[in-house]
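This report concerns only the one structure given below.
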Amino acid sequence: MPETISTKPRVRFAPSPTGYLHVGSARTFIFNWLYARHNGGTMVFRLDDTDTERNTDASVQSIIEGLHWLGLDWDENYKQSERLDLHRKSAWAIFDKGLAYRDFTPAHTGDDNQSGAQGAWLFNPGMRELSREESDRRAAAGEPFALRYRVPRGTGRIVSFVDAVYGAQSKAADEIEDFALLRSDGNPTYHLASCYDDADLKITQIIRGQDHLTNTFKHVLIFEGLGATAPQFAHLPLLVAPDGAKLSKRKHGPVVSVTTYRDAGFLPQAFINFLCLLGWSPKNDQDFLKLDEIRSLFTLENVNRANAVVNFSEEAPFDPKAIWLNAEHLRALPVEQFATEIEPFFAKAGFNASKEKIAAVAPLIQERVELLGQAPAAADFFFLPELAPYDVNEMVPKKGDLAMVKTVLAKAREALAEATFEHDALEASLRAAADALGLKAGQMFQPIRVAVCGRKNAPPLFSTLAVLGKEVSLARIAKAEALV
RNA sequence: GGCGCUAUCGUCUAGGGGUUAGGACGUGAGAUUCUCAAUCUUAAAACCCGGGUUCGAUUCCCGGUAGCGCUACCA
């Protein structure tokens with residue numbers, strides 16, 4: 001064993017499996033990962049499943065699945081529920097030092113929600129001062145109790161720590177309540193389990209949501225009781241909804257779940273890029289960033305302190321900037337990869353699309369979709385055996401009429417019958433046809449485009465025709481002629 | 001209520017004692033193209049309020065206000 005103590009950071013992501021993977025959790029994971037990988041450190045995944053009432057296996061699966069989708073790895077795996085004995089022992093060790101006491105007061109119902117009544121609750125009268133003998137006697141008699149930390153009172157003690165994001169923090173111990181370490185069922189609370197594990201797993205930096213900033217004073221006390229050096233803390237500003245409230249499924253729906261982004265066709269790298277820009281800045285005016293760039297640029301010093309709004313609404317469920325970033329990442333993909341990325345979305349949309357056909361279509365739509373999920377709709381006419389009914393007037397070009405449409409279509413069919421279905425040849429043929437008719441290119445192309453695509457807005461005509469092939473193109477033009 | 005944190009365009013942000021307060025998304029206008037998209041140009045758009053410090057505050061300090069968080073035998 002090497003004797004040198006590693007100075008490499010060890011960070012952890014410690015979700016509670018009480019729901020699907022939330023975008024805020026995903027961001028916390030990403031920031032931890034970036035910190036670890038930027039500094040050559042270790043990433044620990046720890047399931048904080050001490051709340052047996054609310055934990056579900058489905059949630060564990062959903063979290064792991066979401067993390068895998070992000071494509072970011074971790075090095076070590078732990079489950080708090082497998083370490084309960086360690087937690088209990090550590091609580092009693094704190095008790096033995098006189099830093100904790102038994103509280104026999106029946107559990108608070110929690111429903112009354114009266115924390116805002118008058119003044120802060122600090123401890124239950126009579127319990128703190130119980131003699132060791134009486135405490136032991138009542139416990140031995142089977143009376144249930146919670147184990148509480150004996151927070152220093154009247155000593156003028158100021159609890160403090162330095163947060164890597166928020167700076168120096170301090171709070172009078174007299175303001176901190178005697179929080180629980182062990183519940184009356186003997187199970188550890190989150191605070192105890194989390195701190196014990198962070199100490200035991202030699203976590204060097206705790207990077208987590210700002211909602212834990214004030215809890216950290218308690219944690220500092222626990223590390224002290226444990227006889228451990230507290231790690232460095234870094235709290236991240238929260239992700240909030242446009243109404244300023246913390247994102248929640250109840251209130252904001254599926255937009256808070258990372259699977260929603262995945263299913264809509266976000267690329268994980270774009271999603272990561274977007275999340276990183278909320279509460280962190282590369283400070284170089286860059287917005288579009290590859291994962292490698294983010295990793296090399298990432299520092300805790302560049303993390304902001306103000307909450308960031310994820311700008312979504314019912315009409316537009318995704319933040320416009322997230323969509324734009326996704327479009328950018330989509331365009332940056334090699335076309336072959338773009339093709340493989342859209343494939344599952346065609347299957348999901350019910351198109352019987354071969355790999356070859358998708359590969360041919362991919363370059364035509366890559367620049368035209370912002371989400372992978374938009375691909376099938378953008379390319380439907382390549383796969384539909386029969387075009388959906390469209391308005392014939394759509395074919396009428398600028399300064400034209402239906403008579404012009406008819407002649408254009410007839411001429412196009414004639415020209416195309418002779419043409420080789422390849423981009424340049426099609427262009428030459430159709431432009432010549434337009435000349436022959438004395439029409440502008442646009443006037444010639446629009447009727448054809450609508451005839452073969454069923455709509456005005458579509459990819460460039462010659463490439464489209466080339467992919468469609470002679471047979472289909474001619475058939476659709478003939479059909480359009482019949483409509484006029 | 002108590003304690004803690006925060007405050008620059010609609011949103012994400014840069015900046016910082018003296019600046020035309022910068023960028024990005026989105027929005028408007030224009031250019032270009034066979035339509036759309038992309039691209040380019042361009043416009044509108046911000047320092048929460050009040051004091052103090054200072055020759056000078058958007059920047060530093062204090063107060064207010066607002067928002068958020070914690071205030072459980074949830075995490």
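A, B, ... follow the sequence lines: proteins, then strands. Residue 1 opens every chain.
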For [X], which contact category applies under a 4.0 Å heavy-atom criterion: base, sugar-phosphate, or nothing?
X: A/Lys440; value: nothing
X: A/His212; value: base
X: A/Gly279; value: sugar-phosphate
X: A/Ala458; value: base
X: A/Pro15; value: nothing
X: A/Pro106; value: base

If we call it a pair only when both distances are under 3.5 Å in a Watson-Crick or G-U wobble match, what pairs with B/A45?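 In the structure as shown, B/A45 has no Watson-Crick or wobble partner.
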B/A37 pairs with which nucleotide, Watson-Crick or G-U wobble, both distances below 3.5 Å?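 Pairing partner: none.
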If the [atom1] atom of [N] is compared with that of [M], how far apart are they to the nearest Å?
N: B/C34; M: B/G15; atom1: P; value: 45 Å
N: B/G30; M: B/G23; atom1: P; value: 23 Å
N: B/G69; M: B/A57; atom1: P; value: 36 Å
N: B/A45; M: B/G28; atom1: C1'; value: 11 Å
N: B/G64; M: B/C47; atom1: P; value: 23 Å
N: B/U11; M: B/G18; atom1: C1'; value: 30 Å
N: B/G4; M: B/A14; atom1: C1'; value: 27 Å
N: B/G51; M: B/C73; atom1: P; value: 46 Å

Suppose we screen for side-chain contact (heavy atoms from CB on, under 4.5 Å). Which residues come up paired with [X], at least two apart in sequence or across chains?
X: A/Ala241; result: A/Asp243, A/Leu247, A/His252, A/Phe312
X: A/Val467; result: A/Lys357, A/Ala360, A/Val361, A/Leu364, A/Phe382
X: A/Asn307; result: A/Pro237, A/Leu238, A/Val240
X: A/Ala322; result: A/Phe266, A/Phe274, A/Asp319

[N] [atom2] sits how many Å from [X] [atom1], rounded?
X: A/Leu122; N: B/G1; atom1: CG; atom2: P; answer: 18 Å
X: A/Leu297; N: B/A14; atom1: CG; atom2: C1'; answer: 14 Å
X: A/Phe318; N: B/G26; atom1: CZ; atom2: C1'; answer: 17 Å
X: A/Glu370; N: B/A38; atom1: CD; atom2: P; answer: 7 Å
X: A/Asp163; N: B/G69; atom1: CG; atom2: P; answer: 18 Å
X: A/Asp198; N: B/A75; atom1: CG; atom2: C1'; answer: 13 Å
X: A/Asp243; N: B/G69; atom1: CG; atom2: P; answer: 10 Å

Is any side-chain nitrogen or oxygen of A/Arg148 closer than 4.0 Å to OP1 or OP2 of B/C73?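 Yes, within the criterion.
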Is there a side-chain contact between A/Asn304 and the phosphate of B/A14, meaning an N or O under 4.0 Å from OP1 or OP2?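 Yes, such a contact exists.
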Above 12 or not: heavy atoms from other molecules or residues under 6.0 Å from CG of A/Asn393?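 Atom CG in A/Asn393 is crowded, with more than 12 foreign heavy atoms closer than 6.0 Å.
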Looking only at the aromatic ring of each residue, does the gap between the centers of A/Phe161 and A/Phe217 stay below 6.0 angstrom?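 Centroid separation for A/Phe217 and A/Phe161: below 6.0 Å.
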is_close_aromatic(A/Tyr390, A/Phe381), centroid dist under 6.0 Å: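 No, the ring of A/Tyr390 stays outside the 6.0 Å limit from the ring of A/Phe381, centre to centre.
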Here's one to test your reading of the geometry: is the NZ or CZ of A/Arg102 within 45 degrees of the ring axis of A/Phe145 and under 6.0 Å from its centre?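 Yes, a cation-pi geometry holds between A/Arg102 and A/Phe145.
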Checking contacts here: which listed nucleotide ([options]) is nearest the side-chain heavy atoms of [X]?
X: A/Ala107; options: B/C73, B/U71, B/C34; result: B/C73
X: A/Lys283; options: B/G69, B/U35, B/G15; result: B/G15
X: A/Arg368; options: B/C73, B/A75, B/A37; result: B/A37

Using a heavy-atom distance cut-off of less than 4.0 Å, which residues of residues 16-31 of chain A contact RNA chain B?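 When residues 16-31 of chain A is checked for heavy atoms under 4.0 Å from RNA chain B, the hits, listed by number, are A/Ser16.
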Where along residues 421-435 of chain A does a heavy atom fall under 4.0 Å from RNA chain B?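 Here the set is A/Arg431.
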Distances for protein N or O near nucleotides 3-9 of chain B N or O, under 3.5 Å:
| residue | atom | partner | partner atom | Å |
| --- | --- | --- | --- | --- |
| B/C3 | O2' | A/Lys171 | NZ | 3.2 |
| B/C5 | O2' | A/Gln210 | NE2 | 3.3 |

Could you name each residue pair satisfying side chain to side chain donor-acceptor pair (under 3.5 Å) that touches residues 361-371 of chain A, not counting sequence neighbours?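 Output for this query is empty, none listed.
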Can you pull the side chain to side chain donor-acceptor pair (under 3.5 Å) pairs that have at least one residue in residues 163-174 of chain A, sequence neighbours excluded?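 Of all non-adjacent pairs touching residues 163-174 of chain A, those that pass side chain to side chain donor-acceptor pair (under 3.5 Å) are A/Asp163-A/His235.
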Does A/Asp178 come within less than 4.0 Å of A/Arg153, counting only side-chain N to carboxylate O?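 Yes, charged N to carboxylate O under 4.0 Å.
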Sidechain N-carboxylate O distance under 4.0 Å for A/Arg128, A/Asp103: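 Looking at A/Arg128 and A/Asp103, the cut-off is not met.
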Under the salt bridge (Lys or Arg N to Asp or Glu O under 4.0 Å) definition, can you give me all pairs with a residue in residues 423-448 of chain A, not counting sequence neighbours?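 Every pair satisfying salt bridge (Lys or Arg N to Asp or Glu O under 4.0 Å) with a residue in residues 423-448 of chain A: A/Glu427-A/Arg431.
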What string of B, S and - do you get for nucleotides 19-25 of chain B, 5' to 3', if B is base contact, S is sugar-phosphate-only contact and - is no contact with any protein heavy atom under 4.0 Å? ---BBBS
Determine, step by step, whether A/Leu333 and A/Glu341 satisfy the side-chain contact (heavy atoms from CB on, under 4.5 Å) criterion, reporting the C-alpha distance in whole Å, the side-chain angles of both residues, the deciding distance to 0.1 Å, and the verdict. CA-CA 10 Å; A/Leu333 248 31; A/Glu341 295 284 0; 4.2 Å; yes
Please identify each residue that fulfils salt bridge (Lys or Arg N to Asp or Glu O under 4.0 Å) with A/Glu293, with sequence neighbours left out.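 Residues passing salt bridge (Lys or Arg N to Asp or Glu O under 4.0 Å) with A/Glu293: none at all.
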Any chance you could lay out the ring-ring contact (aromatic ring centres under 6.0 Å, His included) test for A/Phe298 and A/Phe31, step after step, and finish with the verdict? CA-CA 8 Å; A/Phe298 187 83; A/Phe31 279 34; 5.3 Å; yes
